[in-house]
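Every chain is numbered from 1 and lettered A, B, ... according to where its sequence line falls, protein lines coming before strand lines.
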Amino acid sequence: MSRRKRKDTQKASPVDMKTSYLLDIVLLVYGEWGFAENCIAALPEAMEGYNDGYRLTLIDNGTPEFRTNSGTVVTPDEQSKAVRAMLQDTDRFIRLDVNKGYPGGMNEGVRRARAPLILILTPDVTLHKGAIAAMVKEMDDPTVGVVGLKLLFSPDSPHSGNRPGTVQHAGLVIDIGGNPQHIFLGWDSDHPKVNECREITAVTGACFMTRKPLWDAIGGLFEGYGNGTFEDVDYCFAVRARGTKVIYTPHAVGYHYVGASIRAGANQRGFNLGVNGTIFKGRWADKGLAWDEWRYW
Amino acid sequence: MSGTHLLVSDLDLRGSGYMNIAVGCALEMYHAGKEVRVIGIGYRGTQHNFPFQIIPVNHGMWSQHVPAMLMNLQALGMSGQIPEVKSLTVALDIPLQTYLMSVERPPNVPYIGIFPVESAPLRSTWTTQLAGMDARLVISKFGVEALEHRDLSSRYIEIGMDTDKWRIPTPEERTGLRKMMGHTEDDFVIVTVADNQERKNLSAAMEIIKRLKERVGENASITWHLVTRPGNIIGWDLADLANDMGLTGNLEMYDRGIEFEMLWKLVAMADVFLLTSKAEGLCMPIMEAMAAGTIVLATDCTAIPEHIFADPEKRGRFSTYEGERGFLLPVEFVHCDPWGNSNRHYVDVEKGADVLAKIYKLWKSKSKKLEEMRKRARAYVEGRHWDETGRVLNETIDALVANAPAPPVIPAGQFQQRMEEIL
């Protein structure tokens with residue numbers, strides 16, 4: 001685990017520290033090794049202003065071998081070699097033999113976490129300077145269970161139709177049909193409404209920070225969503241059901257290469273939005289699922 | 001006035017006939033100190049800087065989602081989570097209004113309808129349904145008359161114009177715009193901004209332009225810039241139609257989603273704004289063209305003449321097609337349309353081409369008459385202030401709210417039961 005000498009002027013964290021470091025970062029990868037390199041390379045600058053130590057756990061979620069156009073087989077080990085070379089001694093690389101989907105894979109990673117705070121991270125996110133410190137600061141409030149950040153469309157995002165540098169994520173709200181929706185999608189990054197730190201309904205699973213004891217109490221991400229979608233919103237509902245808050249902070253920022261985590265041609269079942277949406281509504285219909293976008297627009 | 005004031009309208013910010021009306025009305029309500037929440041049909045959550053909230057509604061789901069939102073917002077007001085809903089203003093076409101009027105609302109929430117009357121006579125069923133509104137604000141004098149003929153009272157609400165946004169280019173600017181579009185001062189440039197649907201009668205516009213070419217000679221340089229929905233599956237195949245009429249070399253088409261700046265350029269640099277609609281409830285594009293200093297030629301029907309003539313009644317209907325502020329296209333026949341059983345006016349393409357040819361000759365001779373007409377048209381639209389729109393709307397809302405019955409009192413513990421009764 002990375003250690004920085006604690007300065008005498010630093011306040012003690014209010015959390016009950018079981019380890020000498022405050023934060024476990026769990027990065028789940030399924031074949032997007034190029035993006036993972038960028039994601040990890042951005043971490044030192046993202047740590048600026050944060051001095052309480054962290055450990056990175058990278059979960060290879062069953063990346064399969066692939067065959068190049070010339071017929072050469074590239075094994076999972078060869079695919080991840082460059083990324084593994086970037087890891088520090090204290091970081092961990094864990095390979096799952098089979099793909100467990102996003103919720104299952106992330107649960108595997110967090111199961112191995114020990115620090116009081118967890119940062120859930122996907123390789124298609126590159127955090128900007130000081131992002132970690134900004135999120136940890138929100139977690140100083142013991143009533144906060146989850147913190148999400150401002151994500152912007154990257155300058156070279158594969159998700160066409162959106163202006164680079166505009167808002168990709170500023171929180172999720174529930175529309176009149178009971179469906180989670182991104183709020184302020186495509187808005188300018190500096191718009192006043194985007195830059196309010198606020199309690200929000202849910203945040204994206206691309207990157208959020210939460211508490212390990214809370215995660216364990218909830219049981220992590222609900223694996224009934226199969227490969228994924230809706231598990232992030234579901235987790236936020238579970239957090240709120242326990243009386244803790246979900247917060248959006250614009251002071252932590254990152255680029256999101258939307259869609260990169262869903263690797264084209266990957267050998268995996270599709271993300272069944274329709275079925276998962278029904279599952280989500282069935283789970284929360286009588287436990288707080290309500291039209292709430294009227295609070296935010 | 002404390003409380004929430006709701007406004008429902010079509011708010012596709014890419015450009016819809018109602019967008020300007022809805023935004024203008026909401027701003028006037030806001031500036032009058034009202035807390036405004038707008039339910040925007042077709043609004044997709046895109047960025048705006050208005051000082052009021054717009055809640056998105058998927059266009060295809062409006063008939064389910066808007067009533068649900070109205071019920072929810074009323075319940076939120078009754079439970080104190082938002083200031084109590086005091087009024088509901090709906091700016092939409094009549095059929096959508098009559099649908100929304102069926103949504104239950106507390107007796108203390110008046111329903112104010114802002115709507116156009118596209119054509120007359122007003123259908124009997126609609127007359128009965130409109131009678132249920134607490135106030136009827138009609139956006140044309142033609143519409144007020146149509147309601148009067150059905151013994152239905154209403155008030156004319158003049159829709160304002162943003163004449164700063166829709167400005168006349170300087171002569172140098174205009175020359176530059178035309179050059180940018182590949183035109184010289186010798187090119188006769190026509191512009192139309194109209195949806196590709198039957199009511200806009202774009203095929204008649206093509207017929208008129210084809211006949212103009214025959215009248216003024218094949219050597220005349222004529223270009224028609226058409227801002228529309230070329231791919232609308234219920235519209236004309238415009239490219240094919242132009243080809244069949246020998247107009248392919250004369251036609252430039254643009255999708256209606258173009259940026260405002262480009263739209264203004266197309267209208268402002270043109271010599272004539274041509275509109276062959278069969279019926280219009282207000283016709284904002286005509287006013288926009290007038291504001292940009294472009295001569296208007298449009299169908300002699302419904303709400304259009306009141307823009308063209310200072311006093312349509314004194315004009316001597318059907319005897320002259322040249323008004324103080326523009327020109328009219330003669331109508332060949334009127335047909336009863338299935339939409340609302342209302343009249344549709346089909347332009348006389350031969351006589352319409354004669355009027356357009358007259359304008360062409362005036363343009364070619366650089367007639368002062370056209371310049372005077374442009375000035376009068378500009379003065380007309382400059383006289384349409386949003387202040388006046390706001391005055392009428394806010395007066396109406398305030399009077400109704402002041403005289404509204406007390407809100408229903410829900411005994412403690414019975415809120416849930418009362419909501420179930422309503423829902």
**OP:** Measure B/F50 against the heavy atoms of chain A and call it side chain, backbone, both or neither at under 4.5 Å.
**Re:** neither
Subject >> Donor-acceptor contact below 3.5 Å, side chain A/E32 vs main chain A/Y30 >> reply: yes
**OP:** Please determine if A/R283 forms a cation-pi arrangement with A/F237, meaning its NZ or CZ atom is less than 6.0 Å from the six-membered ring centre and no more than 45° off the ring axis.
**Re:** no
**OP:** Could you check A/T122 against A/Y102 for side chain to side chain donor-acceptor pair (under 3.5 Å), going step by step and ending with a plain yes or no?
**Re:** CA-CA 10 Å; A/T122 54; A/Y102 174 83; over 6 Å; no
Subject >> Residue B/R37 versus chain A: region with a heavy atom under 4.5 Å >> reply: side chain
Subject >> Per-residue contact mode, A/W294 against chain B (heavy atom under 4.5 angstrom) >> reply: both
Original post:
Do A/K281 and A/N179 have side-chain atoms, one donor and one acceptor, less than 3.5 Å apart?
Top reply: yes
**OP:** Please state whether the side chain, the backbone, both or neither of B/I82 comes within less than 4.5 Å of a heavy atom of chain A.
**Re:** side chain
Subject >> Mutual orientation of the aromatic rings belonging to A/W187 and A/W297 [parallel < 30°, tilted 30-60°, perpendicular > 60°] >> reply: tilted
Original post:
So which part of A/D188 gets closer than 4.5 Å to some heavy atom of chain B, the side chain, the backbone, both or neither?
Top reply: both
